[in-house]
Every structure is written in structure tokens, then in C-alpha cells.
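Read the structure below first, then the notes.
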Amino acid sequence: GGRVTVFAAASLQGALDEVVAAWPGEAAISYGGSGAMARQIAQGAPADLVVLANVDWMDWLVSEGLVTQASVVNLLGNRLVLVGPADSPDLQAIDAAALLGRLDGGRLAMGETRGVPAGIYGRAWLEDAGLWDALAPRLAETENVRVALALVARSEAPLGVVYATDALAEPGVRILYEAPEDPAIQILYPAAPLTTAGKELFAHLRTPEAAAIFARHGFAPPGAAP
Amino acid sequence: MTLAVTLAHAFGDFTLDVGFKAGPGVTALFGPSGAGKTSIANAVAGLFTPREGRIELGGRVLLDTAAKVNMSAHKRRIGVVFQDGRLFPHLDVAGNLAFGARYAPRGAPGPDRAEILALLGIEELLSRRPGTLSGGEKQRVALARALLARPEFLVMDEPLAALDGPRKDDILPYLEGLRDRARVPILYVSHSVSEIARLADRIVVLREGRVLRAGPVADVLSDPEMVPLVGVREAGSVFEAQVLGHDADGLSRLGVSGGTLILPRVDADPGKHIRIRVLAQDVLLSLESPKGLSSRNILPVRVEALHQGAGPGVAVSLRLGEDRLLARITARAAAELGLRPGLACHAILKATAVPRGDVGAAHE
Amino acid sequence: MTLAVTLAHAFGDFTLDVGFKAGPGVTALFGPSGAGKTSIANAVAGLFTPREGRIELGGRVLLDTAAKVNMSAHKRRIGVVFQDGRLFPHLDVAGNLAFGARYAPRGAPGPDRAEILALLGIEELLSRRPGTLSGGEKQRVALARALLARPEFLVMDEPLAALDGPRKDDILPYLEGLRDRARVPILYVSHSVSEIARLADRIVVLREGRVLRAGPVADVLSDPEMVPLVGVREAGSVFEAQVLGHDADGLSRLGVSGGTLILPRVDADPGKHIRIRVLAQDVLLSLESPKGLSSRNILPVRVEALHQGAGPGVAVSLRLGEDRLLARITARAAAELGLRPGLACHAILKATAVPRGDVGAAHE
Amino acid sequence: MFEPAEWAALALSLRVSLVAVLCSLPPAIAIAWLLARCRFWGHGLLSALVHLPLVLPPVVTGYLLLLTFGRNGAVGAFLAEWGVVFAFRWTGAALAAAIMGFPLMVRAIRLSLEAVDPRLEAAASTLGAGRIATFARVTLPLIAPGILAGAVLGFAKAMGEFGATITFVANIPGQTQTLPSAIYAFLQTPGGEDSALRLTLLAVAVALGAVVVSEWLARRVARRVGQA
Amino acid sequence: MFEPAEWAALALSLRVSLVAVLCSLPPAIAIAWLLARCRFWGHGLLSALVHLPLVLPPVVTGYLLLLTFGRNGAVGAFLAEWGVVFAFRWTGAALAAAIMGFPLMVRAIRLSLEAVDPRLEAAASTLGAGRIATFARVTLPLIAPGILAGAVLGFAKAMGEFGATITFVANIPGQTQTLPSAIYAFLQTPGGEDSALRLTLLAVAVALGAVVVSEWLARRVARRVGQA
Ligand SMILES: Nc1ncnc2c1ncn2[C@@H]1O[C@H](COP(=O)(O)OP(=O)(O)OP(=O)(O)O)[C@@H](O)[C@H]1O
Ligand SMILES: Nc1ncnc2c1ncn2[C@@H]1O[C@H](COP(=O)(O)OP(=O)(O)OP(=O)(O)O)[C@@H](O)[C@H]1O
Ligand SMILES: [Mg+2]
Ligand SMILES: [Mg+2]
């Protein structure tokens with residue numbers, strides 16, 4: 001009984017709200033950054049269920065003994081895309097020369113590459129694609145991926161690396177390229193119940209209706225290319 | 001340079017409604033506490049805009065509420081010495097003085113800085129902060145600062161109230177000099193009849209926001225009806241005298257219309273006209289010319305009128321040549337001597353009774 | 001209640017080093033601007049801690065730097081009237097007065113609020129803000145506020161400097177009453193010899209941070225050597241007189257040790273002893289007793305000594321019965337009359353010459 | 001136009017801000033007094049300490065608060081025994097807001113204190129008023145403009161504070177979700193800009209109201225203190 | 001102990017903060033003067049506007065800055081024609097820091113202004129000093145304590161500002177990566193606390209130094225103005 005408190009990654013707002021609205025129970029969702037939430041849970045935050053945007057922080061919770069490894073489920077997946085302002089033409093090729101040409105002295109907006117998950121993933125992808133060295137001096141790293149999206153939408157930056165979910169909802173940008181699936185760089189939203197009270201909602205999140213709603217917002221099932 | 005002032009204003013139930021002319025020379029604003037002296041001084045300086053009024057200085061209109069003219073204070077070139085000094089706390093004394101000098105028009109006449117410092121005895125204060133000065137020291141610095149700005153007209157709001165007697169005596173001659181030499185007209189606000197008698201040419205007597213009397217100092221102060229206003233102790237007559245000569249024993253001979261007076265040496269060259277003030281209470285009357293008296297000054301006078309006041313005293317107007325001399329004696333003495341208008345008698349005046357502070361240079 | 005003060009302090013090159021006793025009654029601190037009067041007053045009130053010193057009031061040690069005793073100002077029960085009023089700007093006049101009354105000990109003696117308001121003429125100011133009061137009005141309110149706090153000892157730092165003559169005359173009798181009836185000892189800082197002569201029992205003359213003279217007012221002010229210090233105009237003698245009777249024409253008869261004086265009515269009952277002050281310059285000397293003179297007061301005196309000053313004047317000490325009378329005449333007159341110690345002559349004193357402000361009730 | 005959750009966030013923000021300002025005023029006055037009037041060893045250090053919340057990124061402040069006042073924190077564990085819990089309660093949001101606004105309040109009050117003429121306090125003491133009475137009846141009314149200014153700054157800061165708050169007490173609707181946290185969350189959401197804008201306008205309206213009221217109050221106070 | 005990139009972040013933070021404070025002082029003084037001395041229509045509105053950066057979540061402020069001063073923003077596009085570009089430059093970080101600290105500076109200066117005795121300005125005018133001269137030679141020195149306090153608050157705020165900065169100009173090492181952005185990044189990573197702590201201590205040390213220097217300066221100023 002009572003209200004279930006969910007700590008969830010900020011980027012899930014909207015989708016998660018809808019999913020929880022379809023659940024008969026009562027829930028309050030606290031959205032925030034993954035790192036902050038993990039630390040809060042370590043300090044005794046009254047969370048019944050946690051959904052992070054980053055596996056590292058979930059691993060950290062496990063290593064702190066706050067979550068059992070067995071209870072962790074990768075709930076959702078996401079994908080990185082390369083976006084440009086809505087009026088930008090197609091890219092001819094995805095190589096350093098083409099990208100630098102498109103930047104034309106401008107900057108590539110993406111999440112902060114050490115702390116913000118989208119930035120960390122983006123860097124891994126650029127490194128894998130062999131573009132990192134060329135692009136690293138041309139980055140504009142933002143505090144969160146939404147700001148990177150806004151920079152592109154406002155044409156402040158000619159290119160940006162953001163989540164597909166964000167790009168879909170923003171009419172100011174168009175997707176120029178989708179990052180290929182790479183088992184080494186899995187963008188996952190791990191979830192775990194923290195109390196028995198959280199288990200029921202946790203189960204609801206894994207129902208097909210929930211999956212449908214998530215899918216409508218652009219999220220992919222974990223580990224599967226959409 | 002004449003200042004013409006008309007003002008009307010109301011503060012709660014106090015209403016100010018005055019009109020007067022000031023200058024050339026020194027015009028005194030005299031009146032009890034709360035009469036409106038400071039309000040008038042501020043209006044002239046441009047620090048207070050009355051509801052209605054017109055202020056003109058030597059042809060320049062400083063204020064005309066009807067014509068919506070209101071010249072700002074810094075353009076009026078009216079210097080002010082405030083009751084409360086108002087030194088700048090962030091500047092030392094030298095800095096305050098420099099501030100005064102900074103905006104003075106180049107080449108404006110006036111005594112130089114060293115002279116002013118010496119006169120006011122503030123050379124040793126130059127590096128002091130206003131906060132560490134005593135009340136009198138502050139006021140002296142404020143005075144110097146205003147003088148250094150070389151104003152065309154000076155307003156002084158009880159500038160000497162915080163100074164002790166000797167310092168006052170030191171400064172007064174300088175103010176006279178300022179009036180006579182630099183010809184800066186002054187509006188001088190004061191409680192002190194003796195300062196006014198000495199400095200001022202004209203006096204404007206205020207009471208409760210209205211002008212009660214205005215006119216030449218000699219006339220107004222010699223008027224027996226002013227006795228209750230200026231106070232028994234300060235009532236007296238003011239008249240002009242010509243310096244006849246200086247004697248070796250420190251006395252000067254002065255010619256007045258009705259005879260010769262012998263007074264402690266006055267600070268004016270023979271031939272000069274000066275103004276002297278004789279307090280009513282310093283004059284004795286005698287029916288016959290007394291002998292063997294320490295007083296040097298026994299002058300024939302004629303009784304003009306007797307004015308019985310509220311107390312035991314009588315103010316006696318005396319004709320001394322062309323001047324009027326005021327004596328204050330007891331009613332009992334008046335009766336015993338049989339004083340009546342037209343009676344000839346002798347006025348006795350001690351040589352030392354015309355105090356230094358009351359002998360001023362007449363304004364020519 | 002006696003106040004014993006010893007202080008030493010240095011401000012830059014000004015050093016203060018004084019010791020004196022004050023009270024019962026009124027003790028005047030007299031000295032030129034910058035002599036250290038305010039510093040002493042502040043030390044007594046507990047607002048300034050000198051480097052070294054000891055202050056004791058009626059057995060209570062207020063300060064003893066050697067014993068590291070330093071009672072805080074609010075416990076000293078020493079009321080202060082400041083030179084600059086220091087009204088609280090956030091309170092109206094009524095609020096300022098209430099502040100004064102708030103911490104007064106219950107049942108402490110003194111005139112009631114209505115009486116004080118009436119005396120100082122501030123009933124109509126009660127709802128005004130300090131910022132809208134004129135200089136004199138402020139000072140009157142400050143005076144009332146200090147009185148309402150019912151202090152055991154009052155320090156007044158030139159409290160009347162901003163008041164005009166008539167207001168001063170109104171307040172002075174009240175201060176006398178305070179001294180005589182409420183028996184509150186007062187340390188009275190002033191430039192004005194006439195205020196001091198009237199109010200004070202003892203005087204401490206300061207100059208440049210040091211005590212130059214201290215003693216009963218009568219002695220110090222009657223001393224011819226004080227003439228340059230108090231100024232020629234203010235020098236005079238002070239002595240006691242007994243009220244013999246009041247006449248119908250507004251004059252009073254007073255017995256002094258050397259005869260009878262007739263003065264404008266004094267405010268004391270027959271039989272009472274009062275203090276009178278006679279300015280040196282108000283005294284004339286005559287070898288023979290003059291006739292037909294307006295002056296009622298012709299007293300036989302004997303010349304004690306002549307003191308030639310720097311100017312043309314001579315101060316003559318006269319023995320009048322047991323008292324000393326001071327006359328100031330010109331050296332020329334002294335020579336012509338042949339004045340010399342031991343000579344008997346007549347002192348002439350106008351009835352109106354002892355001004356109201358200078359007749360004070362003697363402290364018993 | 002606004003959803004119940006949004007009204008709740010507004011109500012919470014107001015409550016948090018008011019409580020933060022009211023509770024931090026007395027210590028702010030005390031510390032401002034210490035800094036303005038006393039010379040002591042560590043004066044500069046205390047002043048620096050007071051400024052810290054301004055210098056530290058709010059997230060760091062929030063993190064430090066979490067470490068200190070969290071259920072497992074040094075102070076938090078102790079206080080919990082007495083039944084006082086800040087972590088993940090609206091009281092924690094108030095604490096965070098109070099701490100973030102503290103330097104602003106102290107500075108404003110201190111400036112006013114330094115402008116008070118000490119001679120007026122001296123006059124009060126000669127009238128028999130002790131230190132505390134003098135402070136309450138003379139100093140305090142005279143620094144009213146500074147206190148008001150400090151309160152307005154503190155209130156505005158509290159209304160806008162979010163970095164420390166969200167780090168310390170999370171973002172739980174109805175419990176710790178203040179207006180700025182709600183705005184932040186919306187900004188993280190695809191398509192949430194409109195909602196963020198609405199809430200921002202709400203916050204601006206409230207703050208504007210507070211400032212206007214304070215200006216009016218300030219004029220009254222200034223008239224009382226005789227400066228207008 | 002510190003990496004070159006971290007030193008660079010520190011140097012940038014210092015430069016940004018100093019420039020922010022220096023450039024915003026004149027307008028802060030002007031607006032404080034307007035608010036303290038003039039009665040005009042929209043007085044309350046202006047005051048509220050000045051407080052806005054305090055009320056708005058920094059991210060919103062940063063977003064608004066982006067909309068206004070971005071290359072395609074209303075003002076930004078215009079300024080770009082004149083060669084003034086804020087986006088992705090350290091100047092943009094300074095602009096953000098200046099705006100965030102603006103309310104603090106204005107308040108401190110305004111409080112000081114309101115405490116200036118207008119009779120001193122009147123005295124200056126009777127000595128022939130016009131409005132500007134009076135302001136420069138009397139008012140300004142008298143409000144030095146307030147200006148100093150405002151500058152310290154502004155500097156401290158600028159050293160800690162990060163939300164608006166990173167939103168407006170992102171985080172470009174050597175250009176816009178200030179100390180707080182670096183700290184923030186470390187806090188986002190598990191195990192990054194130590195690095196964050198190191199940088200935090202660095203920021204604290206700098207701010208502490210600034211406050212201590214300002215206290216010393218304030219005492220000198222106060223002695224000059226005769227309040228100590
Ligand atoms: N701003 C004001 N508001 C209300 N009343 C005022 C204001 N300014 C002056 N007054 C009143 O106007 C009257 C005249 O004041 P003013 O200061 O001009 O007198 P004053 O003659 O200079 O007195 P003093 O000799 O005591 O300095 C007083 O009753 C005073 O209270
Ligand atoms: N804080 C201080 N620092 C330096 N000098 C000081 C300080 N306070 C007083 N003085 C000096 O001490 C001397 C005595 O000052 P004080 O104010 O006691 O004089 P005063 O006799 O009251 O003068 P006045 O009649 O002008 O009020 C003056 O020279 C003054 O400049
Ligand atoms: Mg006046
Ligand atoms: Mg003094």
C-alpha cells in the first residue's frame with residue numbers, strides 16, 4: 001500500500017510518466033541525474049524503485065551493497081544519432097573530412113564526455129568510428145544532452161550527438177546519421193527495485209503495454225537494435 | 001550684487017511666507033529657533049525648492065516657480081557654511097579644502113589658501129580626518145572650504161555657533177574683510193545680536209516664518225520696540241563713527257555726530273568710517289556732568305522718548321547729534337531723575353563698554 | 001554625590017592629562033575649542049575609554065584602568081546631552097522621549113513628563129520626526145530625553161549652543177532647579193562664561209588638555225588673571241547676596257557684604273541667598289559719590305590691586321566688604337583718577353547691568 | 001492551465017523559501033553583527049566561510065549537505081535521534097535554500113550595520129539601555145532596510161535554488177519538488193520546454209510580486225528611518 | 001597534484017570572474033543609483049528584473065542567454081555583425097557570470113547608496129560640483145564599502161557559477177571550461193569524488209583568498225570613510 005517513490009533518470013520523464021499513469025497504484029517520481037540519485041540512495045533516500053540512465057552507477061550501487069545484482073534488469077535501450085538543424089542537407093559521408101566540412105569552424109554539441117552518459121557514449125562511438133581525434137578540438141560539451149540538442153535546434157552548432165529519443169521530439173533538428181549498433185557501447189537504462197513496495201511497479205514497467213509506450217517515445221528494448 | 005527673495009511654503013502647520021532683499025554687504029537673518037532661517041538659507045542655496053517663490057541674484061534668476069525656472073545648486077555660485085559643518089568624511093581636512101578650491105572659477109578674487117588656513121588656525125589639522133575633529137575645529141574647516149570655493153554670494157547658517165569667544169573674535173574681522181574687500185555679499189543667519197551688529201548692514205527679523213522687521217541694522221537695533229525681540233541684554237543702538245586718531249595708550253578717538261568717543265583702539269585708519277554698537281544697558285544717564293569718573297565718554301544728549309517695557313526697565317531713546325542712542329535704566333531711576341521727552345542730560349559710556357566684537361568696519 | 005576624575009590619554013600630538021573633582025552641584029568644564037572637553041565628558045559617560053584613568057562617582061568606581069574596572073555606559077546612570085542632539089531617526093519625538101523614560105528606575109525623583117514638555121516648549125513637536133526639526137528644536141528634545149532618564153549625574157556637552165537667547169533663558173532656571181531640587185550633580189561643558197557663572201558652583205578651566213585652574217566659580221571668575229582666558233567681555237566677579245525684599249516697581253533689594261544692591265526682580269524669596277555676577281566692564285569707578293545719576297547702585301570700595309593687561313585696559317580688583325569686585329577701566333582713566341592700592345572710591349553699577357542670565361540661585 | 005502537481009510545486013517552493021528566509025534571518029543578523037562590529041581572530045575566515053555557498057557549485061554544496069545531514073551523515077545521524085530529519089524532506093529543501101541564500105543575507109545586513117551611526121547606540125547606552133536593548137530598539141530598526149534587502153535576496157535565491165536542493169533532497173513531487181526542480185526536470189524531457197516555460201513564468205511572477213512588495217515595504221521603512 | 005587542464009580551468013575561472021565583475025560594476029552602479037535615488041514608473045519592475053537571475057534556475061537563465069545572445073539570437077546576431085561573439089567563447093562565460101552576479105552587486109551598492117547622507121551631496125553642490133562631479137567625488141567614495149562588498153559577492157558568485165555558463169557556452173576546455181564545470185563533470189562519474197574534492201578545495205582556496213583580501217580592503221576603506 002501507500003505511495004511508491006521512484007527515482008528515475010531525467011531523460012525518462014514523459015515516457016515514464018505515461019507508463020506509471022497506466023498503473024493502478026500511486027507513485028511519485030523523482031527525476032534527476034543518475035549520479036546524484038545513486039548517491040542519494042546510498043544516503044538513505046526513500047526510493048522504492050530506481051531507473052538510471054547509466055550502468056556504471058547501477059554497478060556502483062551494487063558494489064555498495066544497496067542493490068543485489070540479481071534484481072537489476074536492463075529496462076530499456078537507446079541509440080545515439082548525429083543531428084543537424086532542421087534545414088541542413090544530408091551528409092555525403094561519415095568521415096572526418098565531411099564532418100569537419102559541415103562544422104565549418106562551428107562546433108559539435110554533445111554531452112559532457114566524462115560525466116554525462118550521452119557524452120560518454122558519444123565519445124566511445126566517435127572513438128570507434130575513428131573520428132574522435134579529428135573532432136575532439138571542435139566539441140561543445142554540455143551539462144546534459146538536452147542542451148546539446150537545443151544548441152543544434154538553435155543552429156548554434158551545425159552538428160550534435162544526442163539520443164534518438166530526444167531527436168524525435170525536437171522539430172528543430174533532423175537526424176543525419178544513426179550510430180550503428182555496437183555491442184561494446186550499449187546504451188542501457190538499468191532498473192532495480194529497492195523495497196518490496198517497489199516490486200509491483202517494477203513488474204509493471206516490464207509489461208508489454210509499458211514497452212509499447214516506451215517504444216512510442218523512441219526507446220528501444222535493451223540490447224536490441226530498433 | 002543684490003539678492004531678491006520671495007518665498008512661500010508650508011511644512012505641516014508651519015508656514016513660511018517671506019520677502020526680502022539682501023546685499024550688497026551683509027544681510028542678517030535673525031530670529032528664534034524654528035523661525036525658518038535655515039529653510040530660507042537652503043532655498044537661496046538651491047537645496048530646497050519652496051512651493052512658490054522667486055529668487056534673483058544680481059540679475060540672474062535663480063528660481064522662479066511661476067516661470068518654472070530652478071537653477072541647480074552648483075550653478076548658483078552661492079557658497080554655504082552649514083550649521084553642522086558637513087565635512088566629507090572620506091577626505092581629510094586637506095582634501096575637504098581642495099574640494100572647495102577645485103570648482104572655484106580660475107582667477108576669482110579672494111585671499112589665498114595659506115592666508116585662510118592661518119586665519120582659521122587649521123594648518124595643523126590638514127592631515128586629520130573629520131571624525132577626529134572637535135566641534136569647533138570642524139566648523140573652522142567648513143568655513144575655510146566654503147571660502148576657497150570663491151562664491152559670488154555666501155550663505156552662512158550660524159557658522160560661529162560652535163566656536164568659542166576668542167575664535168569668534170579671530171574670525172569676525174576676516175568676515176568683515178571678506179565683505180569689504182572681496183565684496184562678496186553675505187546672508188548671515190544668526191542668533192547673536194552682537195555678531196549681527198558687528199557684521200551686518202541690513203537685518204531681516206523673522207518670527208514664525210514671517211518677516212517682522214527689515215531694514216538697516218542701525219535703525220532696527222536702535223529701535224526701542226526691538227528690545228523684547230532681541231532680548232534685554234542684547235538691545236542697543238548702532239551708529240557710524242569716523243576714526244579721528246589713535247592714541248599711544250591704546251585708545252582711539254572716534255567722531256560721532258554728537259561728540260567724540262574714546263574707545264579701545266579700533267582696527268581702522270584715521271578718516272575711516274566704522275560702525276559701533278552701544279548696548280542699551282551700558283549707557284548711564286546723569287542730569288549733571290559727573291566729575292572724577294572712570295568713564296571717558298560723557299556726551300550731551302536729549303531725551304526723545306521713554307518706552308516702558310514689561311519689567312522694571314525703561315528704554316530711553318536719546319538724540320545724540322543726528323544719531324539715536326538707546327539707554328536702558330530702571331523705571332525708578334527714570335522717575336527720580338524726572339526724565340521726560342525734551343530733557344537735556346548726559347549719557348555716560350565706559351570706554352571699555354563697546355566691546356571689540358561690536359566695533360565693525362562700516363560698509364561703504 | 002561627588003565625581004572624581006583622573007584621565008590621561010593621547011590623540012596624536014594632542015595629550016589629555018587632567019584630574020578634577022565635580023559635584024555636588026554644577027561643575028563647569030570651560031575651555032576653548034579643542035581643549036578636550038568633549039573627550040572628558042565622553043570618558044565620564046563611559047563612551048570613551050582613556051589609556052589611563054580612574055573615575056569614581058559617590059563611592060562607585062566607574063573606571064579604574066589600573067584595576068581593569070570599566071563599567072559600561074548603561075550601568076553608570078550618567079545622562080548625557082550631546083552637542084549634536086543624537087535623536088533616534090527611526091522614532092518620532094514622542095518615541096525618543098519614551099526611550100529616555102523607559103530605562104529610568106521606577107520612582108526616581110524628578111519633574112514629570114508634562115512639566116518637562118512644557119518647559120522646553122516641545123509639546124507640539126511630539127509627532128514630528130527628528131529629520132524635520134530645526135537645530136534648536138532637536139536640542140530641546142534631546143535635553144528632555146536625557147532628563148526623562150532620571151540620571152544620577154548629568155553630563156551636558158554645550159547643550160545650549162544651538163538655542164537662541166530667549167530659549168536659553170527659559171531653560172537655565174530649570175537647570176538651576178534641577179541642580180537645587182533634584183540634587184542631580186551636573187558636569188556642564190560650555191564656552192559661555194555667562195551660563196557658567198549662572199549655573200556652576202565650581203569651574204574647571206581647561207586648555208590644551210590640561211587643567212589650568214579649578215575652584216569655586218566665584219573665586220576663579222573674580223580672579224583678574226582669568227581676564228585674558230575668559231575674554232575681556234566676559235570677565236567679571238561672582239559673589240553671594242541675600243535677598244532683602246522685593247519692591248513694587250519690579251526691583252529687588254539684595255544685601256551683599258559691602259552694602260545693598262538694587263537689581264531687577266530676582267526669582268528668590270526674601271532671606272534666600274543667591275549668586276550674582278557683575279561683569280568687570282559694567283563697573284564704573286568714581287572718586288566722589290556722584291549725584292543725579294541713573295544708577296541706583298553706588299557702593300564704597302577700596303582698590304586692592306591693578307592688573308595691566310596687554311591692551312589699553314586695566315583690571316582693578318576692588319574689595320567690597322568681604323567680596324571681591326572686578327572692574328575694567330582704561331589705563332588712561334586709572335592714571336587720571338590716580339588709582340592705587342588702598343585708595344577708597346565708589347563703584348557704580350547699573351541696576352540693569354546685572355542681567356537676568358547672570359543672577360543664579362546660590363547652591364546651599 | 002497548471003496541473004495540481006505544479007501548484008503543489010509552487011506551494012512547496014513558497015513554503016520552503018519563506019521558512020528558509022525566516023529561519024536564517026536570526027543567525028544571519030548575528031553573524032553580520034559579528035563581522036561588522038567585532039575584531040577577532042578568524043574574522044576573515046568566518047567571512048570566507050559565509051561566502052562559501054556562493055563559490056561552490058550548488059551541486060557540491062548539495063553533496064556536502066547530503067554527506068553531513070544525510071541519514072548516515074555525521075550531523076544527520078545525530079539529529080535523527082532527536083527526531084529531526086532533513087534528508088529527502090521539505091525541511092531539507094529549506095535548509096539547502098537557507099544555506100545558499102545565507103551569504104546574500106549576511107552581506108546585506110552587514111552593509112546596513114556598518115552604516116549605522118555608532119553614536120546613536122552610544123546615546124542609547126547613556127539613557128540606560130543595555131547592549132541587547134540598544135540592539136533591539138536602536139540598531140535593529142536602523143538596519144531594517146538591510147534586513148529587508150537581505151530577506152528579499154534570500155527569498156529570491158530560495159525561489160530559484162535548485163542545484164543544491166535536487167542534490168540534497170532529490171525531486172520528489174509533493175515532498176521535495178520545488179518549482180525550479182520541476183522546471184529542471186521538464187527541461188530534461190523531449191518536448192518539455194513548453195511546460196518549463198509555463199513554470200518559469202509562474203516563478204517569475206511570484207518573484208516579481210515579492211520584489212514589488214519589498215520595494216513598497218522598503219519605502220515605508222526608509223520613510224520611518226528618515227532617509228526618504 | 002593538479003593536471004595542466006585543471007590549472008587551465010582555474011586560470012579561466014579567474015579571468016572570467018574578474019572580467020565579469022569589472023565589466024558589470026559600472027552598470028550595476030548605474031542601476032543601483034536609479035533604484036536608490038529615482039522614483040519613476042516601472043521602478044518596481046526594474047528592481048524585479050534585476051533580481052530575475054537569482055530567481056530563475058541557472059539553466060533557464062543560460063537558456064535565455066542562448067536565445068538572446070546566441071549567434072542566431074536577437075541580440076547575438078546583431079552583435080556578431082560588429083564582431084562581438086559570445087557563443088562558445090570565454091566572453092560568453094563572463095557574460096553569464098556577470099548576469100548571475102548582477103543582482104548581488106546591485107543590492108549591495110544600492111544599500112550603501114541609501115545610507116549616504118544626501119546633505120553631503122548638497123554640500124558638494126554648493127561648492128560648485130555638478131551632478132557628475134558630486135557623484136564621482138563624494139557619492140562614489142562614500143559607497144566604496146558597498147561597491148567592494150558587491151564586487152566580492154559578484155566574484156564569489158562568478159567563481160561558483162556553472163549552470164548558466166555551461167548551458168550558454170557549453171564546456172570547451174581552455175575556452176569555457178571553468179572550475180565548476182570541471183567539478184561537475186567529476187561528480188557525474190562513480191569514483192570521481194576525489195578529483196571533485198581536489199578541485200573544490202582549489203576553488204575554495206581562491207575564494208577564501210579573495211574574501212580575506214576584500215576584508216582587509218574593506219577595513220582600509222572603512223577607516224578612510226571614518227566608520228572604523
Ligand atoms: N522637512 C520639514 N518637514 C517639516 N517641518 C519642517 C521641515 N523643515 C523645517 N521644518 C519646520 O520649519 C520650521 C523652520 O525650520 P528651520 O530649520 O528653518 O528653523 P531655524 O530658524 O533655522 O531654527 P534653528 O535656529 O533652530 O536652526 C521649524 O518649525 C521646522 O520644524
Ligand atoms: N578620535 C580622535 N582622534 C584624534 N584626535 C582626537 C580624537 N578625538 C578628539 N581628538 C582631538 O582631541 C582634542 C580635544 O577634542 P575635544 O572634542 O575633546 O575638544 P572640545 O574641547 O570638546 O572642543 P569643542 O569645543 O570644539 O567641541 C582636539 O584637538 C581633537 O582634535
Ligand atoms: Mg537653523
Ligand atoms: Mg566638544
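Numbered from 1 within each chain, the chains take letters A, B, ... in sequence-line order. This structure is a prediction, so every number in the text was calculated from the model and none was measured.
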For this session: Report the option among Pro53(D), Pro57(D), Gly44(D) that has the most heavy-atom pairs separated by less than 4.5 Å from atoms of chain E.
Result: Pro57(D)
Seminar exercise, completed: Of Val212(D), Leu52(D), Leu153(D), Leu56(D), the largest count of non-hydrogen pairs under 4.5 angstrom with chain E goes to Leu153(D)
Exercise. Taking atom OG1 of Thr200(E) and atom CG of Leu64(D), what is their separation to the nearest 0.5 Å?
Worked result: 7.5 Å
For this session: Any chance you could measure Glu215(D), atom CD, to His51(E), atom NE2, to the nearest 0.5 Å?
Result: 7.5 Å
Exercise. Using non-hydrogen atoms only, which part of Ser17(E) is less than 4.5 Å away from chain D: side chain, backbone, both, or neither?
Worked result: neither
Seminar exercise, completed: Heavy-atom closest pair (Ser112(E) atom, Leu111(D) atom, distance to 0.1 Å) is OG-CD2, 3.7 Å
For this session: Work out which heavy atom in Val211(E) is nearest to a heavy atom in Ser47(D); give both atom names and the distance.
Result: CG1-OG, 3.4 Å
Exercise. Checking Leu208(E) against chain D: side chain, backbone, both or neither under 4.5 Å from a heavy atom?
Worked result: both
Seminar exercise, completed: Scored by heavy-atom pairs under 4.5 Å with chain E, the best of Val60(D), Leu179(D), Leu35(D) is Val60(D)
For this session: With the side chain counted from C-beta on, respond yes when Arg107(D) and Leu104(E) share a heavy-atom pair under 4.5 Å apart, and no when they do not.
Result: no
Problem set entry | Which portion of Ile183(E) sits near chain D, non-hydrogen atoms under 4.5 angstrom | side chain
Problem set entry | Top contributor to chain D interface from Val50(E), Asp117(E), Val213(E), Val204(E) [non-hydrogen pairs under 4.5 Å] | Val204(E)
Exercise. Is it the backbone or the side chain of Phe155(E) that comes under 4.5 Å from a heavy atom of chain D, or both, or neither?
Worked result: neither
